[in-house]
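So that the names make sense, note that chain A is the first sequence line, chain B the second, and so on, each numbered from 1.
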Amino acid sequence: MEAATAATAAMVWFRKGLRVHDNPALDAARRYGAGAASARRLYPVFVLDPRYLRPDPAASSPGSARAGVARIRFLLESLSDLDARLRRLGSRLLLLRARDDVADAVCAALKDWNIGKLCFESDTEPYALARDKKVTDFALASGIEVFTPVSHTLFDPAEIIKKNGGRPPLTYQSFVSIAGEPPDPIMEEYSELPPLGDTGEYELLPVPTVEELGYVDISEEEIPPFRGGETEALRRMKESLQNKEWVAKFEKPKGDPSAFLKPSTTVLSPYLKFGCLSSRYFYHCIQDVYKSVRNHTKPPVSLIGQLLWRDFFYTVSYGTPNFDRMKGNKICKQIPWSENEELFVAWRDGQTGYPWIDAIMIQLRKWGWMHHLARHSVACFLTRGDMFIHWEKGRDVFERLLIDSDWAINNGNWMWLSCSSFFYQYHRIYSPITFGKKYDPNGNYIRHFIPVLKDMPREYIYEPWTAPLSIQKKANCIIGKDYPKPVVDHETASKECKKRMGEAYASSRLDANPTKGKTLNSSRRKMPHGDQDTSNSTISKLLKRNSRAE
DNA sequence: TTAGAGTTGGCCCC
DNA sequence: GGGGCCAACTCTAA
């Protein structure tokens, strides 16, 4: 009876979905074999991926090649918490280390432990789809039952696409009108789980610390104020939802991006990313609050609206080939971004000379989290606003450093902010000076994340290069020595960017409709007087290029 | 073909 | 802090 009896052992394979509540994969695995004569066994498994966790000394900040140390820490905390919660139910987390490939490690365990049913949450990211296909193919070929419920998102992206005639809805409103109401979460609370199966010769690891993973030089790193795990996720959610008036009045664009001691949003995104919090359970709890108040805000700006945005991007990303790049991506504008490694590095390392931009990038590196509008500011600055650098470069930095880094949402928002898709009003540029000042005129946010500027007087904190030398000396911060001079002039850079965006758009109109001269004429007529010469020459260049192409 | 809508800009004026 | 303008984008629905 010690060894797992055939066909009554189930494995729940955790990847995202690091929670016990509203977890259909866990629920199915725990029910497997109920009523059968033989004893039931449950194997709750997580596989550590060395390619995700191995320190990369060549990286631009502490962490692995794929993830900054803040997210790695968050993941480890989430695993510890999951293990603790499973232990309270008489089980535990079986932590395995993959030698190389995670899928291979899962397949080996399935075979060695004689698993009859494998349950894991469906994951729509390309990397996960490939990995999961490998495991599913192996399991089915071995006669193992496989169950992969959709529970990371409110809705099933494939179903929404089907309802929309085979194509993903490309506007939020059309998404919302198709989506309807999400399925209810599983509300049952377990008092116990089936006993663990025998793991034989397998080495079961305790959840490692970041230090044990080989991150040695991080003692001086600021530890982000957000702890990983389901317990913290539920606590945080309850705390946010307790203030019913705040929930009812929540309007995303009105939040303060410079608030960092007490962020103006819930900061539940990293918990949703790892599945420490179920989006359906969160949705359900918000609806509960709405029932008890007279009025509440509505999508897209409301809290519910934010969850729907998440699902919107998941759906579009699932139905769009090459969603994570410009080339070969049908919904992405083809824009001739420039290459400038020096400017890019200044942006990435928080050395642009614009304190508002640099403070945000430093918060990203240290905390792995910034307010949504702060992300907008720096994304606009890197791409269409000031530097005209490819959104994929910025996407890579965010993807590695954010603790809530989410493939669908991150790529979607980078296309949005760079006016490559979804949003096209490239004349609207975030000012690296006035935008932050509006919320935080004293520059407290800047002073916290860029200590060298902490004594800069209020009137110069957003533009320290304009401070007289005597003031710089008094503030112990000489611009050009202690803090960089601006790497671009926003005035001229943003004008140049608008011009280039206009040209790129004109070019894409030509590509879309090469036979129609009409569109071209009308766009020429709309050109402002001062730019007449350059725009005409640009258009003639485009025409030439276009005729060559034909 | 066209009108209207689109999560969250800056600037100036009151 | 609210409203209108800037200069004009794309996509959808009719």
Side-chain angles (χ1 to χ4, degrees), chain A residues 164-165 167-178 249-259 264-265 269 296-313 316 330-335 356-357 360 370-381 383-386 409 412-413 415-439 441 462 490-491 493-495 497-513 516 518-520 522-532 535:
Chain A
N164 194 47
R167 285 208 291 253
L170 291 176
T171 66
Y172 182 82
Q173 287 310 336
S174 58
F175 170 83
V176 170
S177 62
I178 291 162
K249 288 187 174 161
F250 185 91
E251 265 187 81
K252 187 65 167 285
K254 293 197 175 161
D256 176 357
S258 70
S264 59
T265 52
S269 55
H296 60 82
T297 51
K298 301 268 151 60
V301 296
S302 63
L303 264 186
I304 288 282
Q306 303 313 303
L307 280 174
L308 294 170
W309 276 108
R310 178 173 177 271
D311 264 62
F312 168 70
F313 283 124
V316 183
K330 280 196 170 145
I331 67 165
C332 184
K333 286 255 183 218
Q334 304 298 303
I335 293 167
W356 170 249
I357 299 297
I360 295 167
M370 331 79 108
H371 186 276
H372 192 64
L373 290 178
R375 300 179 194 201
H376 279 210
S377 271
V378 295
C380 179
F381 190 87
T383 58
R384 67 182 170 86
D386 291 83
I409 300 170
N413 274 315
M415 277 189 270
W416 188 296
L417 262 300
S418 62
C419 285
S420 296
S421 197
F422 307 110
F423 175 78
Y424 307 95
Q425 290 184 262
Y426 58 82
H427 284 274
R428 295 188 183 177
I429 291 175
Y430 289 85
S431 163
I433 298 154
T434 58
F435 185 72
K437 205 186 265 183
K438 192 164 66 181
Y439 300 95
Y462 284 87
H490 176 65
E491 236 7 73
S494 58
K495 276 200 188 108
C497 281
K498 282 185 212 174
K499 200 183 121 219
R500 290 209 225 172
M501 288 300 287
E503 290 170 4
Y505 272 40
S507 169
S508 81
R509 278 196 295 274
L510 271 176
D511 288 344
N513 219 343
K516 261 195 184 171
K518 243 184 171 177
T519 327
L520 183 64
S522 68
S523 82
R524 181 191 284 165
R525 235 180 287 130
K526 280 177 190 166
M527 287 292 176
H529 259 310
D531 291 341
Q532 195 85 48
S535 32

Between C1' of B:dG10 and CG of A:Asp386, the distance in whole Å: 14 Å

Same-atom distance (P) from C:dA7 to B:dG4, integer angstrom: 22 Å

A:Arg375 CZ to B:dG9 C1', in whole Å, measures 20 Å

So, OP1 or OP2 of C:dT10: does either fall under 4.0 Å of a side-chain N or O from A:Tyr505? no

A:Ser431 side chain: which of B:dG10, C:dT10, C:dT12 is closest? B:dG10

Return the nucleotide paired to B:dT8: Watson-Crick means purine N1 to pyrimidine N3 with N6-O4 or O6-N4, wobble means G-U with N1-O2 and O6-N3, both under 3.5 Å. none

Could you please spell out the steps behind the side-chain contact (heavy atoms from CB on, under 4.5 Å) verdict for A:Lys298 and A:His296? CA-CA 7 Å; A:Lys298 301 268 151 60; A:His296 60 82; 3.4 Å; yes

Using the P atom in both, what is the distance from C:dC6 to B:dG6, to the nearest Å? 22 Å

Which nucleotide in the set B:dT8, C:dC11, C:dT10 lies at the smallest distance from any side-chain heavy atom of A:Phe423? B:dT8

From the set B:dG10, C:dT10, C:dC9, return the single nucleotide nearest to any side-chain atom of A:Lys438. B:dG10

Does C:dA7 have a Watson-Crick or wobble partner in any strand here, with both distances under 3.5 angstrom, and which is it? none

Rounded to the nearest Å, what distance is computed from the CD1 atom of residue A:Ile433 to the C1' atom of nucleotide B:dC11? 14 Å

Would you mind reading off the distance between A:Lys498 atom NZ and C:dC6 atom P, rounded to a whole angstrom? 14 Å

For the side chain of A:Phe435, counting heavy atoms from C-beta on, which of C:dC11, B:dT8, B:dG9 is nearest? B:dG9

Calculate the interatomic distance between A:Ile429 atom CD1 and B:dT8 atom C1'; express it in whole Å. 16 Å

What's the closest nucleotide to the A:Pro300 side chain, out of B:dT7, B:dT8, B:dG6? B:dT7

Calculate the interatomic distance between A:Arg428 atom CZ and C:dG4 atom P; express it in whole Å. 15 Å

Which nucleotide in B:dG6, B:dG9, C:dC11 has an atom nearest any side-chain atom of A:Gln173: B:dG6

Counting the atoms with a prime plus P, OP1 and OP2 as sugar-phosphate, which does A:Lys298 contact under 4.0 Å by heavy atoms, base, sugar-phosphate, or nothing? nothing

Whether the side chain of A:Tyr172 engages the backbone of A:Gly305 through a donor-acceptor N/O pair (distance < 3.5 Å, no angle test) should be reported. yes

Take atom CE of A:Met501 and atom P of B:dG9, then tell me their distance rounded to the nearest Å. 15 Å

So does A:Lys498 get a backbone contact from the side chain of A:Glu503, meaning a donor-acceptor N/O pair under 3.5 Å? no

Are A:Thr434 and B:dC11 close enough that a side-chain N or O sits under 4.0 Å from OP1 or OP2? yes

Sorted by position of nearest nucleotide on DNA chain C, 5' first, the leading residue of A:Lys254 and A:His427 is A:Lys254

Separation of the P atoms in C:dG4 and B:dA5, to the nearest angstrom: 15 Å

Would you call the rings of A:Tyr439 and A:Phe435 parallel, tilted or perpendicular, taking 30° and 60° as the class edges? perpendicular

Rounded to whole angstroms, how far apart are CD on A:Gln425 and P on B:dA5? 14 Å

Classify the ring geometry of A:Trp416 against A:Phe313: parallel below 30°, tilted from 30° to 60°, perpendicular beyond 60°. perpendicular

Do A:His490 and A:Asp386 get their side chains close enough for a donor-acceptor pair, meaning under 3.5 Å? yes

Check for me: is A:Tyr426 stacked on C:dC9 by the 5.5 Å centroid and 30° plane-angle rule? no

